[in-house]
Novice: 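Got a structure for you, written out below as structure tokens; questions coming shortly.
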Amino acid sequence: MKLGLDIGGTNSVFGVVDENGSVIADGTLKTTAYKTPEEFVADAKILVDKLAEEVGGKDKITGFGISAPNSNPYTGEIWPAPNVVWARHRKVPFVKMMQEATGIPCAITNDANAAALGEKMFGVAKNFKDFIMITLGTGLGTGVVVNHELVYGKNGMAGELGHTYRVEAANRTCACGRKGCLETIASATGVANTARIMLAQSREPSLLREIPAKNITSYDVSMAAEKGDKLAIEVYEFTGTVLGRACADFATVISPEAFVFFGGMSKAGELLLRPVRKAFDEHAFHLFKGQVEMLQSTVEGQFAAVIGASTIAP
């Protein structure tokens, strides 16, 4: 059995994963409840010990895979990560800290890479040799698999599509500090912001006007769109078009068999994927038109990211 940990900006989810990719014991820590990594690791050790007891002892767990934003798989560090409060302004030797605390061999990668590996082992990408995983959550992450191997690059950050494709017309400030990054549009945060902008610029009747603008989420937008709300549908048309154009450019570099979309925002399904496919085929180099599949992840459920993290465990 392997242990998986997905560190999110709000919650960090732990799970013991069996050989079939099923989570058989789990627990959660509130990421935002800790001011330092030392405090987080201390409570993580207590939780790991508890989970180990639930599955018959720590000797049953052979490795520990960790998914964390801005992580370096070679050094085992979490580099300054804007969305993790205790790693926002410092480099954290997280693998070393967790190994010393738990006594379990650890490995780390970012969330999109973990998702790609989980999809390759247990999901829709099982039979793909070359594919690109797009994770759509608070931000946009990318995991690139070429010839069955994950592409890490020099520091583990290869393939950051969310920060390589620039949407200059939008000119939105990204959490990375730059303006116009793709993830300011194609992310749950981006969808909510687009809805607010469209509501302010239009007199179009919308179910979203019943919600205070500052409280609108991407889920609200998708629910309104499913009910036929014209403005909400326009939000997804805009988002999918921008994302499809970015995928068209990226495909020219990687030549994938498919793009696989993962994360809460991807649950919008065809609301998002329909305009993505349309924009891709309109803007792709002619050799790629109609040749690349756009698929929704099949590693479903609340533990998908934990399962993905477990696949990198030593």
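In this chain, residues are counted from 1 in sequence order.
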Novice: Are the side chains of L295 and F131 in contact, using a 4.5 Å heavy-atom criterion?
Specialist: no
Novice: Checking the side chain of R245 only, and the main-chain atoms of E282 only, is there a donor and an acceptor separated by less than 3.5 Å?
Specialist: no
Novice: Donor-acceptor pair, distance only, cut-off 3.5 Å: does the side chain of T135 make one with the backbone of G263?
Specialist: no
Novice: Mark yes or no for whether D18, through its side chain, and N20, through its backbone, hold a donor-acceptor pair below 3.5 Å.
Specialist: yes
Novice: With no hydrogens and no angle check, just 3.5 Å: does a side-chain donor-acceptor pair link T62 and K2?
Specialist: yes
Novice: Can you check whether T252 reaches F288 side chain to side chain, under 4.5 Å on heavy atoms?
Specialist: yes
Novice: Flag the pair D130 / S255 as yes when at least one side-chain heavy-atom distance between them is below 4.5 Å, and no otherwise.
Specialist: no
Novice: Would you say OH of Y219 has more than 12 non-hydrogen atoms from neighbouring residues, nucleotides or ligands within 6.0 angstrom?
Specialist: no
Novice: Please check: side-chain N/O of N171 versus main-chain N/O of G180, any donor-acceptor pairing under 3.5 Å?
Specialist: no
Novice: Would you check if the side chain of S266 reaches a backbone N or O of Q296 as a donor-acceptor pair within less than 3.5 Å?
Specialist: no
Novice: Between R90 and E38, is the closest basic N to carboxylate O distance under 4.0 Å?
Specialist: yes
Novice: So how far is it from T217 OG1 to M223 CE, rounded to the nearest 0.5 Å?
Specialist: 9.5 Å
Novice: Out of curiosity, does V95 fall in the hydrophobic cluster containing I7 (side-chain heavy atoms, cut-off under 4.5 Å, transitive links)?
Specialist: yes
Novice: Hey, any chance L287 and F250 share a hydrophobic cluster, counting ILVMFWY side chains that come within less than 4.5 Å of each other, even indirectly?
Specialist: yes
Novice: Ignoring hydrogens, what is the shortest heavy-atom contact between T142 and N113? Give both atom names and the distance.
Specialist: O-OD1, 3.8 Å
Novice: Enter the distance from M98:CE to I108:CD1 here, rounded to the nearest 0.5 Å.
Specialist: 9.5 Å
Novice: Same cluster or not: L5 versus F122, using hydrophobic residues (I, L, V, M, F, W, Y) connected whenever any side-chain heavy atoms lie under 4.5 Å apart?
Specialist: no
Novice: With under 30° as parallel and over 60° as perpendicular, where do the rings of F259 and F261 fit, or are they tilted in between?
Specialist: parallel
Novice: I'd like to know if the side chain of E183 reaches the main chain of G141, judged simply by a donor and an acceptor atom lying under 3.5 Å from each other, with no hydrogens or angles considered.
Specialist: no
Novice: Mind checking the CG-CD1 spacing from L271 to I233? Nearest 0.5 Å is all I need.
Specialist: 7.0 Å
Novice: Evaluate the criterion side chain to side chain contact (heavy atoms under 4.5 Å, CB included) for residue pair F94 and I66; output intermediate values, then yes/no.
Specialist: CA-CA 9 Å; F94 197 72; I66 301 163; 3.9 Å; yes
Novice: Side chain to side chain contact (heavy atoms under 4.5 Å, CB included) for M265 and T239? Distances and angles first, verdict last.
Specialist: CA-CA 11 Å; M265 186 180 138; T239 304; 3.7 Å; yes
Novice: Excluding sequence neighbours, so at least two apart, what forms salt bridge (Lys or Arg N to Asp or Glu O under 4.0 Å) with K96?
Specialist: E100
Novice: Kindly give the heavy-atom pair with the smallest separation between A186 and L136, and that separation in Å.
Specialist: O-CD2, 3.5 Å
Novice: So which heavy atom on N155 is nearest to which on P73, and how close?
Specialist: O-CD, 3.9 Å
Novice: For residues E54 and V16, determine if any side-chain heavy atom of one lies less than 4.5 Å from a side-chain heavy atom of the other.
Specialist: no
Novice: Same cluster or not: are L117 and L3 linked, directly or through other Ile, Leu, Val, Met, Phe, Trp or Tyr residues, by side-chain heavy atoms under 4.5 angstrom apart?
Specialist: no
Novice: Which value, rounded to the nearest 0.5 Å, describes the distance between S310 atom OG and M121 atom CE?
Specialist: 7.5 Å
Novice: Answer yes or no: is there an ion pair linking K45 with D49, defined by an N-O contact shorter than 4.0 Å?
Specialist: yes
Novice: Can you confirm whether I254 sits close enough to I132 that some side-chain heavy atom of one is under 4.5 Å from a side-chain heavy atom of the other?
Specialist: yes
Novice: As a quick check of understanding, evaluate side chain to side chain contact (heavy atoms under 4.5 Å, CB included) for K91 and T75, giving each step before the final call.
Specialist: CA-CA 11 Å; K91 191 181 290 187; T75 65; over 6 Å; no
Novice: Could you go through the side chain to side chain contact (heavy atoms under 4.5 Å, CB included) check for L243 and L140 one step at a time?
Specialist: CA-CA 10 Å; L243 182 55; L140 184 153; 4.0 Å; yes
Novice: Are the side chain of E119 and the backbone of T298 linked by a donor-acceptor contact shorter than 3.5 Å?
Specialist: yes
Novice: Check whether any side-chain N or O of S71 sits under 3.5 Å from a backbone N or O of T109 as a donor-acceptor pair, and report yes or no.
Specialist: yes
Novice: How many angstroms lie between CG in L29 and CG in N11, if you round to the nearest 0.5 Å?
Specialist: 9.0 Å
Novice: May I ask you to test the P256-V292 pair for a side-chain heavy-atom distance under 4.5 Å?
Specialist: yes
Novice: Is it true that S67 and D111 share a donor-acceptor pair across their side chains at a distance under 3.5 Å?
Specialist: no
Novice: Do F14 and F64 have side chains that get closer than 4.5 Å, going by heavy atoms?
Specialist: yes
Novice: Identify the two heavy atoms, one from G27 and one from L47, that lie closest to each other, and give their separation to 0.1 Å.
Specialist: C-CD2, 3.8 Å
Novice: For E270, is there an ion pair with R277 - N to carboxylate O distance below 4.0 angstrom?
Specialist: yes
Novice: Any side-chain heavy atom of I185 sitting closer than 4.5 Å to one from F238?
Specialist: yes
Novice: Would you say K278 has more than 12 foreign heavy atoms packed within less than 6.0 Å of its NZ?
Specialist: no
Novice: To the closest 0.5 Å, what do you measure between CG (L161) and CD1 (I134)?
Specialist: 5.0 Å
Novice: When the ring centroid of F40 is compared with that of W86, is the distance short of 6.0 Å?
Specialist: yes
Novice: Would you say that more than 12 heavy atoms from the other residues, nucleotides or ligands in this model lie under 6.0 Å from the CG of D59, or not?
Specialist: yes
Novice: Please name all residues satisfying side-chain contact (heavy atoms from CB on, under 4.5 Å) with P275, sequence neighbours left out, ordered by chain then number.
Specialist: E237, T241
Novice: Considering non-hydrogen atoms only, spot the tightest contact between I104 and Q99 and give its length.
Specialist: O-CG, 3.4 Å
Novice: Is there a donor-acceptor contact under 3.5 Å from the side chain of D229 to the main chain of L207?
Specialist: yes
Novice: Run the side-chain donor-acceptor check on residues 193-200: report pairs under 3.5 Å with partners two or more places apart or on a different chain.
Specialist:
| unit_1 | atom_1 | unit_2 | atom_2 | d |
| --- | --- | --- | --- | --- |
| N193 | OD1 | R196 | NH1 | 2.6 |
| N193 | ND2 | T189 | O | 3.4 |
| T194 | OG1 | R172 | NH1 | 3.2 |
| T194 | OG1 | R172 | NH2 | 2.9 |
| T194 | OG1 | G190 | O | 2.9 |
| R196 | NE | A213 | O | 2.6 |
| R196 | NH2 | K214 | O | 3.4 |
| R196 | NH2 | I216 | O | 2.9 |

Novice: Treating Ile, Leu, Val, Met, Phe, Trp and Tyr as nodes and any side-chain heavy-atom pair under 4.5 angstrom as an edge, say whether I307 and F128 lie in one connected cluster.
Specialist: no
Novice: Backbone N or O of G290 within a donor-acceptor pair of the D281 side chain at under 3.5 Å?
Specialist: yes
Novice: Which heavy-atom pair separates S218 from A192 by the least distance, and what is that distance?
Specialist: N-CB, 4.2 Å
